[in-house]
Structure formats: C-alpha cells, structure tokens
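First comes the structure, then the notes that go with it.
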Number of protein chains: 2
Amino acid sequence: MTRAQDGFAVEATGALPNPSAVGLVAVIVAATDGEPRALTVRVPGQATGRETGLPAGPLVPEHPTLERGLRAWVERQTQQRLGYVEQLYTFGDRDRQGDDSGGLHSLSVAYLALVREMRSAALPEASWHNWYAFLPWEDWRAGRPATLDDIEAKLLAWAAGAVDAKIRRRREDRLGLTFGIGGGAWNEERVLERYELLFEAGLIPEAQGQSGEACATDIATTGRPMTFDHRRVLATAIGRLRGKIKYRPVVFELMPPTFTLFQLQRTVEALSGANLHKQNFRRLVAQQGLVEETDEVTSGAAGRPARLVRFRREVLLERPAPGFRLTPSRRSS
Amino acid sequence: MTRAQDGFAVEATGALPNPSAVGLVAVIVAATDGEPRALTVRVPGQATGRETGLPAGPLVPEHPTLERGLRAWVERQTQQRLGYVEQLYTFGDRDRQGDDSGGLHSLSVAYLALVREMRSAALPEASWHNWYAFLPWEDWRAGRPATLDDIEAKLLAWAAGAVDAKIRRRREDRLGLTFGIGGGAWNEERVLERYELLFEAGLIPEAQGQSGEACATDIATTGRPMTFDHRRVLATAIGRLRGKIKYRPVVFELMPPTFTLFQLQRTVEALSGANLHKQNFRRLVAQQGLVEETDEVTSGAAGRPARLVRFRREVLLERPAPGFRLTPSRRSS
DNA sequence: GGCACAATGCTCAGAATGAGCATATATGAG
DNA sequence: CTCATATATGCTCATTCTGAGCATTGTGCC
C-alpha cells in the first residue's frame, strides 16, 4: 500500500482500504395514458408519510457489470423486461442517505430504466405512481402549477432571511436560475437543482433532522416525500431523461409497438412537463424519420382516426443524434 | 435484513451486505497552447508500456460528499485549484479493473476536473500529456488521422471474422455508428464507444489476458496504453466534455483570465478534435454574450493584434444553456 | 514598400423554427 | 340528419439560424 494515503498514488483501482457499503437504486419509468410513472415500493419502518421509496437493493457481486446486475435483479423481481438502462449518478453524501451502515461509508449507484407500459401482473409490494405526485411543481402541462405561488413566496422569504447581503444575492440568483423567479426562464431540465434548492430552503420534509428546523410546508405544496434521499434520485432521473429525449430517441422505449403520433407527443409532454405545438411536433418526427407508417388506423375514440406508426429502428444507425427538440407551445402555457 | 436478498427490498440505502472496495479516479484536464492535456501519474509495478495511469486513490470517508473529498485530495496533492468538477461514471466491471481486491467487489467512481493551465510547480510524480497520445484517432484537427486507415482495415477484418451473419451485420453496424465506416458520419462525442469497440476487437493491449489473444496492433496505431481501465475512463471524460461544451460554458474553466477569441477557438478545437469556421465561431460567441472586451490587445505575435476578452460570468445567470455548437468547417478537414 | 499572417466586418443562400390557418373525418347529442 | 366537438393532417409564412465565403484592416518582418 505504498503511498495510498499520502502520495498522489495509484493503487490498483480495486485494491483500496476502507471498504464501503454499496447499493443500487433504480428509477423505473413507464408512461401510461400519457402520464409519467415511476415504480415505487413500500418501505416498512419509516416515519409516517415517508414509507414510499424507490426499488433498491444490495450490489450483487455475481454479475460482470453493474448494469447487468441491475437488469437481472429487476427483471427477476418484477417480471418486467427493461428496455433502456442508463447509469444516473453515484450518491455518496454522508448525511443524506439515511443511516450510516455501521461505520462503512455508504454509496448508492442509481440507474434509470425505461419500460413499456405494463398493466398486468401488479407486483405485490410495488406500485406505479405519477412522478409529479412527488415533484408537483414540475408539471406545466396544464399551465403554471398552482403550487408555485406558495413555493415562490416561501423561497423569497428564505432568500430574504439570509445572514448577509452577499448570501442573499447568491440565493436570489439561484431562485432566478432554477425557478425563474425574477424574470428568468423556466428550464425544464433543472429538476434536481430545483429540488435541492427546496431542500436547502427547508421546504422538504426529508431535510428534517438535517438542519433540525421544522418543515414549513405541506404535501400539497411540495409533494409527497419519499424514503431516504430517493426523491433526489427521482429528480436526477427526471432531469436526465428530459435532457436525453432531446437528442436521443429514447421515448420509444416507453411506447407500445405501434402508436399514434399524438400518443407519442403526449408521452414526450408527460416526460418534459410541457405542452408542444402539435403540427410542429409532427413535422419534426417526420423530418427525422423517427417513425414509419403501418397500414392500421385507430378507431373508436372521438375525432378523426389516426394512423398507427412504429419506431424506425434504422434511425439508430443513421442520424448522428436523433431526438426531439422541445419548444413549448405558447398557446397552452 | 428482511428481504434483502429476496424480495424487491428496500433496505436502508446504506445498510447492505457485501462491503466493496471503492476508489476515486480523476481525469484532470488542462489546455495549454491549444493542446488538450490530462494529468497522469507513473504507476510502478505495471507491465512495460503500461505504467502511465490517471491519478487515483482511495475513497476518503472524512468528507461529506464525494466531490468535496476529491477536491480536497487533488488540491492537497497538486496545489492545483480545481475549477469545474463533475462526476463522470462509476465503473464496476468485474473483469476490467485490474485486480479483484481480495474478494471485495471493486468500484471506481470517476470524476472529470477542469483546471487552468499550470506551468509552474511540476509535480514530482505527475506529468501532463496530450490526451490524443492515448487516443490518436480522435484528433481530426489536421485532417483525418492517418492511424484510421490501419484501424479501419483491422476493424473490417474483425467484422468479417464474425462467426455468423447476424453477428457480422451487428459488427458492421457498429463500425458505421462509431467510426463512420461505410458511409456514416464521424460523431466526435462517441469517444467511449469507439474505444470500447477497439477493445472488443482486440486492438487494445489493455484487453490482454481478457480474451487471451495477442494484440494485433502497435502503439503508433492505437495509441499509448494506460494502467488498468484508465484509458476507458479517459475516453469517457473526453466524450462527456465534448458534449458538454456544446451547451454549457465550461471551456472558460480552462482559459486564463483574459484571452483572445482565437485562443478560445483553439481550445474548443483541441477538446472537440475538429476545426471550426473562424468567423462563425466569433459570431456565435458574440451572439451568446459569452465574453466581454477588455481594453487590452495582444502584441508581439505575427498578424494583426487581437483584442483580449474575458468570460462574462453573468451568462451563467442569463441564458438557459450557453455553450458552443460545433460545426466542423469543411475547409480544413 | 511588400509580404505573410491574423483579426475583423459583412453578405448571402438555404435550412430550421415558431406560429397559425384551413380542411378532413370521426363520435355523440338532440 | 345535423350540429357540436374532437382530433388528424396539410400547408403557409415570416423570422431566425447556419454554413460558407469575400473583403478589408492592422502588425511584424525582410
């Protein structure tokens, strides 16, 4: 162990002291009926109102890669085939993870998985939840969320309560950047930054025992809490996914084999939390060659029947980076 | 530990069995004289030609977050102030990390750090290397890298040698996607995918002992090897950085306090490995308001003196996502 | 002065974007 | 049957963005 503590050492990447407890957390996402859903489980022994968490488990060392371990684990537990899987982030904050695992430093490696809608086989302990139940300020599809009035007021109070002018200025800047308070624009990708800001401002019940202060908000305003730091993980996932759909055709992992363009649009809107201009959305999808027509059309629903399309897998080989640009329509927001 | 192995359990994220060995690896990047450089260290006891590695070390549990731990560790060792720091990826492949750490599953959490050029204080064990020494096919600034002829031939042979037609087809698709072989475009962000493809094709010496086959290439073709899987980490970093500079003003972390637009362009080109159209680059920087003029100009060098500019920090608060679009100029490629 | 070399200003055609109008074809109420 | 309603789909148009290139302006150097 030469210079392991001291020099700018390179030990074998694996041969290190201080073993740590490592876990996996999964954000498993589906989109059903135009709503974005995450798979949650009930965690016994948590404080009231905080029993809902993300599927999490130990690192299983049998598998050659972390991702394959995760796949096997999830697929075995849920009979749910995972499509797209992506590593999200490794969380290792001392004071945000719940407990401390008997002196071991604890890490959790978070993954994002996209699955096709699964109606059958409800899991015994797991259930799907609209992810905006946990982060209600993120859903702008029906216009500016009402909860933001309350949140803004409390955040402004928090900024005003800073100990000195410099910190106050910094806080105000952050309010502008994340929540668009004070003339800034709402950037739908900054999900994590918004959550973290609320956390710091003491508006998130999960922060209890952190700063010690009582939480100044109710669930209606700041959404349903989750176990440990799982809401943070969820926020990370949403932010990442909102970014990704702009330049990679990942939404199709959430769609059934055939679908209409409007269903596709609804799904993109569900993920991004904003409404899109319909005609331009179709033009985009057409231009990029993302889908090909089938010879079927929908029937039964109101309105003119729509043509069913399917994802053109070939685009994965063609364009440099196919995806959607998300320009919110002015109309409905 | 109810259901820890069995159910779809959520234990405390930290309270998990199977402790693992966790390390940190850092890709520390600077840009000096228009060349992209990474900080490397010499690792004793490695096979000849593979003594060069990235700075790596144990996870230090004293710090509240991983990132702060990394900062403290690097800044202490190098007297080098880190500007931008970002978590890259957590590598946990069983068979790619070097050794196995006595039965512990080993992970390494990789970080990317950007630093301002540092000429003074050469570190005792560390040195800066042009990162294209390790990945020579990634540098298109002087036109298509010569090494690609050799690489293409070998990759095509690898694809042709597939056991059945289906696998061959898949391999050919990947050649097109990553290296643009067969009519595809070169996407400068796919650094990792290209490296991994070469690895799988047996063209990377680090793969030795992996598939067992001798390596079919020399350093001139496939670049300088590194310790363990560090070249993979470097490739991850380059790909990520190339993506990031397009939508975030991170290049400025690599620039001195004042600089000319051309120096900025050279830096962006160094990172992205492609040349840009000069006038359009200036237009872009001007439009985005990324810099503000100083009243100084350069002197001494050949050519008309250039105005020195500095980064406008305010943009961090203004635009939704300032950065560069990288459209390679046709002229010089 | 004349040359090499950058910096800087400006133009222009084509593509991409944001917005909206118009029309087609369903369902369901009355 | 007809109308209201809801969606699907085609098309236009002004604006902005992009990629490319021409022209001019300063400097150091021989």
Side-chain angles (χ1 to χ4, degrees), chain A residues 33-34 141 185 246-247 258-269 272 274-309 319-333, chain B residues 33-34 185 188 246-247 258-269 272 274-309 319-333:
Chain A
D33 303 327
R141 286 174 299 169
K246 289 181 187 165
Y247 60 95
T258 69
F259 48 87
T260 70
L261 289 179
F262 197 49
Q263 285 165 353
L264 182 64
Q265 182 181 345
R266 284 286 184 235
T267 305
V268 173
E269 290 174 339
S272 71
N275 288 316
L276 304 175
H277 185 269
K278 189 173 190 165
Q279 294 93 319
N280 291 348
F281 180 82
R282 312 177 122 254
R283 178 174 62 186
L284 186 68
V285 175
Q287 268 178 2
Q288 310 251 76
L290 292 172
V291 301
E292 61 194 1
E293 297 192 341
T294 69
D295 38 12
E296 293 171 282
V297 291
T298 56
S299 66
R304 174 172 165 179
R307 180 162 300 279
L308 286 167
V309 299
R319 324 202 92 268
F324 298 102
R325 257 138 282 158
L326 301 174
T327 315
S329 81
R330 295 275 158 78
R331 273 225 179 137
S332 42
S333 73
Chain B
D33 303 326
E188 81 279 351
K246 289 180 188 165
Y247 61 94
T258 68
F259 48 88
T260 70
L261 289 179
F262 196 50
Q263 284 165 353
L264 182 64
Q265 182 180 346
R266 284 286 183 234
T267 305
V268 173
E269 289 174 338
S272 71
N275 288 315
L276 304 174
H277 181 119
K278 190 174 191 165
Q279 295 93 319
N280 291 348
F281 180 81
R282 312 177 122 253
R283 177 173 64 186
L284 186 69
V285 174
Q287 268 178 1
Q288 310 250 79
L290 293 172
V291 301
E292 60 194 3
E293 297 191 343
T294 70
D295 37 13
E296 292 170 282
V297 290
T298 56
S299 65
R304 175 173 166 178
R307 180 162 298 279
L308 285 167
V309 299
R319 323 201 96 266
F324 298 102
R325 258 137 281 158
L326 301 175
T327 315
S329 80
R330 296 275 160 76
R331 274 226 179 137
S332 41
S333 73

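In what follows, chains carry the letters A, B, and so on, assigned in the order in which the sequence lines appear, proteins first and then strands, with residues in each chain numbered from 1.
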(request) Give the rounded distance in Å between these two atoms: CG of B/Leu276 and P of C/dA7. (result) 14 Å
(request) Check whether any side-chain nitrogen or oxygen of B/Lys278 sits under 4.0 Å from OP1 or OP2 of C/dA6, and answer yes or no. (result) no
(request) Return the value, rounded to whole Å, for the distance between atom CD of A/Glu293 and atom C1' of D/dG10. (result) 13 Å
(request) Return the nearest nucleotide to the side chain of B/Gln279; candidates are C/dG20, D/dA23, D/dT7. (result) D/dA23
(request) Provide, to the nearest angstrom, the distance between the CD atom belonging to A/Gln287 and the P atom belonging to C/dT17. (result) 7 Å
(message) Strictly distance-based, threshold 3.5 Å: is any side-chain N or O of B/Glu293 a donor or acceptor partner for the main-chain N or O of B/Leu308?
(response) no
(request) Please confirm whether the backbone N or O of B/Ala306 pairs with a side-chain atom of B/Thr298, one donor and one acceptor, at under 3.5 Å? (result) yes
(request) Run the salt-bridge test on B/Lys246 and B/Glu188 with the 4.0 Å N-O cut-off and return the result as yes or no. (result) yes
(request) Figure out the CD/C1' separation between A/Gln263 and D/dT7, and round it to whole Å. (result) 12 Å
(message) Between A/Pro305 and A/Asn280, which residue's closest nucleotide on DNA chain D lies nearer the 5′ terminus?
(response) A/Pro305
(message) Please pick, from C/dC5, D/dA8, C/dT8, the nucleotide with the shortest atom-to-atom distance to any side-chain atom of B/Ala302.
(response) C/dC5
(message) Nearest whole Å is fine: how far is C/dA16 P from A/Arg282 CZ?
(response) 20 Å
(message) Just the rounded figure in Å: distance from C1' of C/dT8 to NE2 of B/His277.
(response) 12 Å
(request) Take the protein atom CZ of A/Arg304 and the nucleotide atom P of D/dA8, then report the distance between them rounded to whole Å. (result) 9 Å
(request) Could you check how far CG of B/Leu284 sits from C1' of D/dG19, rounded to whole Å? (result) 12 Å
(request) Go through C/dT11, C/dG9, D/dT7 for me and flag the one nearest to the B/Arg283 side chain. (result) C/dT11
(request) Would you sort out whether A/Arg141 and A/Glu269 count as a salt bridge (Lys or Arg N to Asp or Glu O under 4.0 Å), showing the intermediate values? (result) CA-CA 7 Å; A/Arg141 286 174 299 169; A/Glu269 290 174 339; over 6 Å; no
